[in-house]
*Asks:* 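This is the structure I have questions about; it appears just below.
In this text the structure is predicted, and so the values were computed from the model without any measurement. Below, chains carry the letters A, B, ... as their sequence lines are ordered, and counting in each starts from 1.
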2 protein chains.
Amino acid sequence: MSFKSSPEYALLGILMTGPKHGYEIYGYFSSKMKQFWHLSMSQAYALLKRMEKNGILISKEEWQVNRPSKKIFSITQAGKERFLDWVHSPVKHVRDLRIEFMAKLFFIKELKLKGALDIIDKQIEVLQEKLHLIKSSKEKIIDEFQTALHSFKIAQMTSAIEWLKECKNYFSCKY
Amino acid sequence: MSFKSSPEYALLGILMTGPKHGYEIYGYFSSKMKQFWHLSMSQAYALLKRMEKNGILISKEEWQVNRPSKKIFSITQAGKERFLDWVHSPVKHVRDLRIEFMAKLFFIKELKLKGALDIIDKQIEVLQEKLHLIKSSKEKIIDEFQTALHSFKIAQMTSAIEWLKECKNYFSCKY
DNA sequence: AGAATCATGTAAGGGGTTACATGATTCG
DNA sequence: CGAATCATGTAACCCCTTACATGATTCT
């Protein structure tokens, strides 16, 4: 019922642009999202099936002459709510910026939603809080390894925050 | 037969310190590696079983009075070779620094191996090459999203390289 | 004629997660 | 007396990956 950072949200987001069949959804995905999110075609079909079972999608069969029939998926109300919830909430870990947070920005642009600056700010807050925790926890920095680990976390976190601040400029005009 | 960044290498590395039984291995893991690598106890037992089947470990049963018998695991020659190969090679992606590369540094320290500076240098090279590729590929930076994605990749890569250079100082004395 | 595109999947296999099962000893 | 520690696992479930299956049309 609850999925994490799995590609379900990508598929939901694509269907926010209107009803589409599996092949079409995958085409959209490959042309626009493959750069930062991976998904195979068979997995896409499997996910769509599961998502329909979970009630966030519904499908209609559309018959064609001389072709296999298409299964047109639409997003349900429950699906829309789920998607909008997701798209406006920050991620919990730096490691989720690369795919999940990026996807949120992508859909905000693609679907012309409001709130890009808002979610970027929320994300900065989340990471800043984590950064403070890391900096203040002076537990067992006793050897070279602990030092390296500690400075890695701070470096990743800091550069992520800097990038987010930069992002605000990119998105400040339209969103 | 071939495992990627799975916790198998953590278990192999722990057994490089000498034969141990499952519970003991997991104790070592929890006390020293949990900070940066996650593994559950049942998964540890499952992995040890599989690794024995793959010929990188062997086990001996040791009987005890009034206690369940212990299964003592030792690393085989094939296992040692596999581990040393792994520990001295850089990872392919920035995202693998946090767990996998960190684990390599951890074991180099823990097992008092040579070559910390060597692997750090190799890792810097790998990432620098990727950075050049990203910077030179001027493909379709057409909207705010592409700009954000591009600058994220450069930021993560750059801060990783800076951190690696800093790491060389931490490890320069003894290794 | 062969490759790519359209369009849908299933099957087998592998791996991880969570919960459960067992049972003695030792510590507070 | 209950909790933690010692010590080992199994079973059910879910998910993903890879390969395979089908078959017409359109492009080169």
*Asks:* Tell me: NZ of K70(A) to P of dC6(C), nearest whole Å?
*Replies:*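 My rounded result for the distance is 11 Å.
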
*Asks:* Please list, chain by chain and in numerical order, all residues satisfying salt bridge (Lys or Arg N to Asp or Glu O under 4.0 Å) with K135(A), sequence neighbours excluded.
*Replies:*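 In terms of salt bridge (Lys or Arg N to Asp or Glu O under 4.0 Å), with neighbours along the sequence ignored, K135(A) is linked to no residue.
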
*Asks:* If we check side chain to side chain contact (heavy atoms under 4.5 Å, CB included) with I75(A), which of these qualifies: I56(A), L15(A), I14(A)?
*Replies:*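 That would be L15(A).
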
*Asks:* Is the gap between the ring centers of Y45(B) and Y26(B) under 6.0 Å?
*Replies:*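 They do not qualify: ring centres at least 6.0 Å apart.
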
*Asks:* Restricting to pairs with a member in residues 117-138 of chain B, which pass ring-ring contact (aromatic ring centres under 6.0 Å, His included), not counting sequence neighbours?
*Replies:*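 Listed once each, the pairs would be none.
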
*Asks:* Once you build an axis from the first five pairs and another from the last five of the helix from dA1(C)-dT28(D) to dG28(C)-dC1(D), how far apart in angle are they, to 10 degrees?
*Replies:*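 Terminal axis comparison yields 30°.
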
*Asks:* If the cut-off is 4.0 Å, is K49(A) near the phosphate of dT8(C), judged by side-chain N/O to OP1 or OP2?
*Replies:*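 No, outside the criterion.
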
*Asks:* Kindly write out the residues that satisfy ring pair (Phe, Tyr, Trp, His ring centres under 6.0 Å) with F145(A), not counting sequence neighbours, or none if the list is empty.
*Replies:*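 Partners of F145(A) by the ring pair (Phe, Tyr, Trp, His ring centres under 6.0 Å) criterion, ordered by chain and then number, come out as F36(B), F106(B).
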
*Asks:* Tell me: CZ of F73(A) to P of dA7(C), nearest whole Å?
*Replies:*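 Rounded to whole Å, this separation is 14 Å.
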
*Asks:* CE of M41(B) versus C1' of dT5(D): gap in Å, rounded?
*Replies:*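 So the CE-C1' distance, M41(B) to dT5(D), works out to 10 Å.
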
*Asks:* Taking only residues two or more places apart in sequence or in another chain, which ones pass side chain to side chain donor-acceptor pair (under 3.5 Å) with S151(A)?
*Replies:*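 S151(A) satisfies side chain to side chain donor-acceptor pair (under 3.5 Å) with W163(B), E166(B) only.
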
*Asks:* Are there any protein N/O atoms within less than 3.5 Å of an N/O atom in nucleotides 12-14 of chain D, and if so, which ones and at what distance?
*Replies:*
none

*Asks:* Who pairs with K165(B) by salt bridge (Lys or Arg N to Asp or Glu O under 4.0 Å), at least two apart in sequence or on another chain?
*Replies:*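 By the salt bridge (Lys or Arg N to Asp or Glu O under 4.0 Å) rule, K165(B) matches E162(B).
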
*Asks:* Who pairs with L164(A) by side-chain contact (heavy atoms from CB on, under 4.5 Å), at least two apart in sequence or on another chain?
*Replies:*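 Per chain and number, L164(A) pairs via side-chain contact (heavy atoms from CB on, under 4.5 Å) with F101(A), I120(A), Q123(A), I124(A), L127(A).
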
*Asks:* Atom pairs under 3.5 Å, N or O on each side, protein against nucleotides 18-20 of chain C: can you list them with distances?
*Replies:*
| residue | atom | partner | partner atom | Å |
| --- | --- | --- | --- | --- |
| dA19(C) | N6 | S42(B) | OG | 3.4 |

*Asks:* Using a 4.0 Å cut-off on heavy atoms, which residues in residues 19-30 of chain A reach DNA chain D? List them by number, or say none.
*Replies:*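 Per residue number, the list is empty: none.
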
*Asks:* Will you find, in the side chains of K104(A) and H88(A), an N or O donor that is under 3.5 Å from an N or O acceptor?
*Replies:*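 Their side chains do not contain a donor-acceptor pair, so the 3.5 Å distance test is not met.
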
*Asks:* Nearest-Å distance, CG (L11(B)) to P (dG15(C))?
*Replies:*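 In whole Å, dG15(C) P lies 14 Å from L11(B) CG.
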
*Asks:* Tell me the closest heavy-atom pair linking G55(A) and A78(A), and the distance in Å.
*Replies:*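 Looking at all heavy atoms of both residues, the closest pair is O-CB, 4.0 Å.
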
*Asks:* Do you know which of E52(A), K71(A), H21(A) makes side chain to side chain donor-acceptor pair (under 3.5 Å) with S59(A)?
*Replies:*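 The option that passes is E52(A).
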
*Asks:* Could you note down all residue pairs passing salt bridge (Lys or Arg N to Asp or Glu O under 4.0 Å) where residues 25-40 of chain B supplies at least one of them, sequence neighbours left out?
*Replies:*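 Qualifying pairs: K32(B)-E110(B).
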
*Asks:* Does Y45(A) put a side-chain nitrogen or oxygen below 4.0 Å from OP1 or OP2 of dT8(C)?
*Replies:*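 Yes, Y45(A) has a side-chain N/O under 4.0 Å of OP1/OP2 on dT8(C).
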
*Asks:* Could you check how far NZ of K71(A) sits from C1' of dG9(C), rounded to whole Å?
*Replies:*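 Rounding to the nearest Å, NZ of K71(A) and C1' of dG9(C) are 9 Å apart.
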
*Asks:* With K122(B), which residues qualify under salt bridge (Lys or Arg N to Asp or Glu O under 4.0 Å), at least two apart?
*Replies:*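 Once residues adjacent in sequence are excluded, the partners of K122(B) under the salt bridge (Lys or Arg N to Asp or Glu O under 4.0 Å) criterion are D118(B).
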
